[in-house]
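Report on one structure; see the data block that follows.
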Amino acid sequence: MAIPKKALYLIDASSYMYRAFYALGRLTGPDGKPTQAIYGFAQMLLKVLREKKPELICVVFDAPGPNFRHELYASYKATRQKMPEDLAEQVPLIKKLVALHGLPQAELEGFEADDIIATLAGRASKEDIPVVVVSADKDLHQLVADGRILQWDPQKDEIFTEKEVAARLGVKPSQVADLLALMGDSSDNVPGVPGVGEKTARDLLARFPTLEAVYEHLDDVKSSAVRKKLENHRDLAFLSRDLVAIRDDVPLNLAPSDCRPGEPRYRDLLRLYEGLGFRSLVKSLREDLESMGREVPLRKDASERTVAVVRDLSELERVVREIQGRELFSLDLETTSQDAMRAEIVGIALSWEDHRAVYIPVGHRGEGSEGQLDASLVLKTLAPLLTQDRPGKAGQNIKYEWVVLQRAGIDLRGIAFDTMVASYLLDPGHPSHKLERIAAEYLGESIPSYADVAGKGKSQVNFSQVPVEKAAAYACSDAETTWRLVSVLEAKLEEEKLKELFVSLEMPLVRVLGAMELRGIRVDARKLEDISRDLETKIEAVAAVIYDMAGREFNIQSPKQLAEVLFDKLCLRVVKRTKTGPSTDMEVLEELAAEHPIAEHVLTYRTLAKLKGTYVDALPKLIHPETGRIHTSYNQAVTATGRLSSSDPNLQNIPVRGEEGRRIREAFVAEPGHVLLAADYSQIELRLLAHYSGDEHLVAAFREGADIHRRTAAEIFGVPYHEVTSEMRRHAKTINFGIIYGMSPYGLARQLRIGTTAAKAAIDRYFERYSGVKAFIERTIEHTRKLGYAETLLGRRRKIPELQSRNRTVRQQGERLAVNTPLQGTAADLIKKAMIDIDRVLAEEGLKTAMLLQVHDELVFEVPEEELETARKLVQEKMEKVITLKVPLTVDLGWGPDWSRAHG
DNA sequence: CGTGTCGCGTAC
DNA sequence: GACGTACGCGACACGG
């Protein structure tokens, strides 16, 4: 049923406020104040306004303090009697928000929103105005009357007419109050008739139309037990109905015709949203304004910044003199590409005091491009600033600047502050550390995005085509915002005890990573082409077999088409399902392999196609035309645990297992006269588990240098170390990893394809033998719950709000994170420290060995053959001695002409 | 035609 | 629902 036009929309504000407050968890604005109720409410409201454009609307609130229902029944809404402080402080802002939207609002002392809604709905009906009650609450179902009043929940987009009410509650709207009176409503502390639940209540009302009728015909109630309950609690039943029945006669001085919305105050609304950090709502409001053809108000602070475009040498020299002697300035390069290895400099923005920045255009080709200083002259003039440690440099993702400047012949030194990295340390779980987002959170400001200046998608232009004035405004905004963020973020880092980690680990790492990216790794393109042809042949052969078995050709790479073949055509068993259909993943196919040979072939096909598509054919495209090498990007602000990530290409997931994997790694080669040296930490996370837990058996095993999985197998299977079978060792290995990841008996059972009982027994046995580990896990979870965050050995922190959840599954997830994060995160801390130590010593010793890759617990170096001996010792020493733990850290080394043989 | 999501699979 | 952290491919649905 469609919603009628020209209806009066009555918004149940209080219920949405509460819902959002409890459903959205902790959401806070830039000032740290809670905002989730405001956000949830605003989202709902915007949806109503945008989709329905109501001509009559009223936003209705519960009155604070007691109402007539409390006089009727003392414990009514006892659970909610006092609004939580965190919610109460959001209410005024919600009301302000409604007012700024120009919408009428209503509230009446002594009554709840429901009563006001009912009263207004009644008045509208008398005037033949259709009413839409905007609420998800079932209490309000009692107002629904086909043709006059319907209820709508914009969040789920559910419409309730009499039919839907009947479907949901099993009674007519007019019986809703009677239903709740009989069954009670625990959320509002409505008692109901003790012992009568939803089913009984519904059955009674199916036979008798009203609560009165039920009591008039008590003798006709079949069940004597129910009859007895009804008899005994007659007063409670009628009291309950008085509590739930909505009053439609409140003394409200408001007519439906008073509910016309006024003109929204867009400028103030944007400011309010921005202040609250509601980026997405700001964006959608702006879009609305644009689509209405209205002028979009200026962004806050855009006018508060002094921007100067530097076009002559004397001015540039004046800038240099001004910055000299400062402690810090911020630097932002505008370039022709997001890829630092391909970018050419278009302009340079600098900021060294609040609300002021300069832009030096050097590579613009479009509007205003005349009268630019020559790029090399600018760099030469800036060089004294850039290549000295002092003043320090700040930037947003300043590794990018480092790489680009290196390629331009400038060795940027004194990298002191990266706002992206700082933001990451403050909240590594946050999905974004873009400047735009950081500025919104820590400064409460909305800054122009790159897309605003250069466009996006098809209409995106090269930055060199952006008019100089426009580019200057954008670049200066970035540089100056970065500048102001430094002191704010620095104070936060101090406050959170993260300053040391930032200064001594993450910031020194920036340049080390930049150097690894710049150096890149040599890839043998011809070898990859050979592999590609080989794979192609094999893939075609396997595909032919699959088509033959399927009886037709189809796209094997399409899970949907594959599912059709396997499950419809060949009628194989559906092992498990995904959201969209039967699953065809590896686990399923391995199981189906016992039933039909096609499964095995599909597995082979998948493996080969994966390798070809993701690695063999993708990698050559990423070989740099000038260096002939592959230059990955290491991202320092992505993972929740502190690990690095790698992209374009991801060199951290190059295959290692299997024949084809080996061949792919053979394509990563050393320069002539060099070898690749690979050094990886052995079992670092398990060693950290031993260290943290202090478990005597685990610690002893590592001190003795035992094969840890074999040792574990001996312990849990109760056999001598030398009698452990490979099967037993495999099980033990899975359990060891499972412990680190917080695996459940179910998970272990699935992994090992054993029964849940057997899996549980194995885990019990493990904890029996390694009781220190059990204690560590429990202690860690409790500690994390109290602090609200997990912590690594070097003090990295990750918030774990999941531990506070009332949802058991979410909470268990939190428990796994609480255990896993310190282990994975500390391993990340340690290898980062080792990288910095090694980088420093290599430089000190004047060695030509270069660090190329980091793969979480492994470092790969390119070593001149004559340095191998030195480098081996140095790397091993620095990695193993990175820190002293209760157990030794050991590093395995290997070397060879390519990455595969370096592992040998 | 570009963009976002899903299913899947690679690494540690 | 059930094992932590990533990135990226091809297919597909969707919207302009």
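Chain identifiers are assigned alphabetically (A, B, ...) following the order of the sequence lines, protein sequences preceding nucleic acid strands; residue numbering begins at 1 within each chain. It should be emphasised that the depicted structure is a prediction, and the values quoted were computed from it without experimental measurement.
For A/Ser646, no side-chain nitrogen or oxygen approaches OP1 or OP2 of C/dC7 to under 4.0 Å. One finds a side-chain N or O of A/Ser645 lying less than 4.0 angstrom from the OP1 or OP2 phosphate oxygen of C/dC7.
Contacts of A/Val819 with the nucleic acid, taken as non-hydrogen atoms under 4.0 Å apart, are absent. The residue A/Asn555 sits close only to the backbone: its heavy atoms come under 4.0 Å of sugar-phosphate atoms, none of a base. Backbone-only engagement by A/Gly742 is indicated by non-hydrogen atom pairs under 4.0 Å involving sugar-phosphate atoms exclusively. As judged by a 4.0 angstrom heavy-atom cut-off over every strand, A/Asn635 is placed among residues making no nucleic acid contact. Using a 4.0 Å heavy-atom cutoff across all strands shown, A/Leu817 reaches sugar-phosphate atoms only and no base atom. Here A/Arg577 lies out of heavy-atom contact (under 4.0 Å) with every strand. At a threshold of 4.0 angstrom between heavy atoms, the contacts of A/Thr821 with the nucleic acid are absent. Here A/Glu685 lies out of heavy-atom contact (under 4.0 Å) with every strand. Using a 4.0 Å heavy-atom distance criterion, A/Ala640 is classed as a sugar-phosphate-only contact.
Qualifying side-chain hydrogen bond (donor to acceptor under 3.5 Å, both in side chains) partners for A/Thr604, counting only residues two or more places apart in sequence or in other chains: none.
A/Val565 is listed as a side-chain neighbour of A/Arg552, based on a closest heavy-atom distance under 4.5 Å. Residues A/Leu752 and A/Arg730 meet the side-chain proximity criterion, which asks for heavy atoms closer than 4.5 Å.
For the 3.5 Å distance criterion, the side chains of A/Arg687 and A/Thr890 qualify, holding a donor opposite an acceptor.
Checking C/dA6, C/dG8, C/dT5 against every side-chain atom of A/Val638, the shortest atom distance belongs to C/dA6.
In this entry the distance linking OH of A/Tyr634 with P of C/dC7 reads 13 Å, nearest Å. Rounded to a whole Å, the CD atom of A/Gln561 is 12 Å from the C1' atom of C/dG10. Here C/dC9 presents its P atom at 14 Å from NZ of A/Lys612, a figure rounded to the nearest Å. Straight-line distance from the OH atom of A/Tyr605 to the C1' atom of C/dG10: 10 Å, rounded to whole Å.
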Legend entry - Under 4.0 Å protein heavy-atom contact, by nucleotide of nucleotides 4-12 of chain B - B base, S sugar-phosphate only: --SSSBBSB
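Taking the charged nitrogens against the carboxylate oxygens, A/Asp898 and A/Arg665 have no contact shorter than 4.0 Å, which rules out a salt bridge. Under the 4.0 Å criterion applied to side-chain N and carboxylate O atoms, A/Asp829 and A/Lys833 are not assigned as salt-bridge partners. Under the 4.0 Å criterion applied to side-chain N and carboxylate O atoms, A/Asp534 and A/Arg663 are assigned as salt-bridge partners.
Nearest-nucleotide positions on DNA chain C for A/Arg808 and A/Arg816 put A/Arg808 closer to the 5' end.
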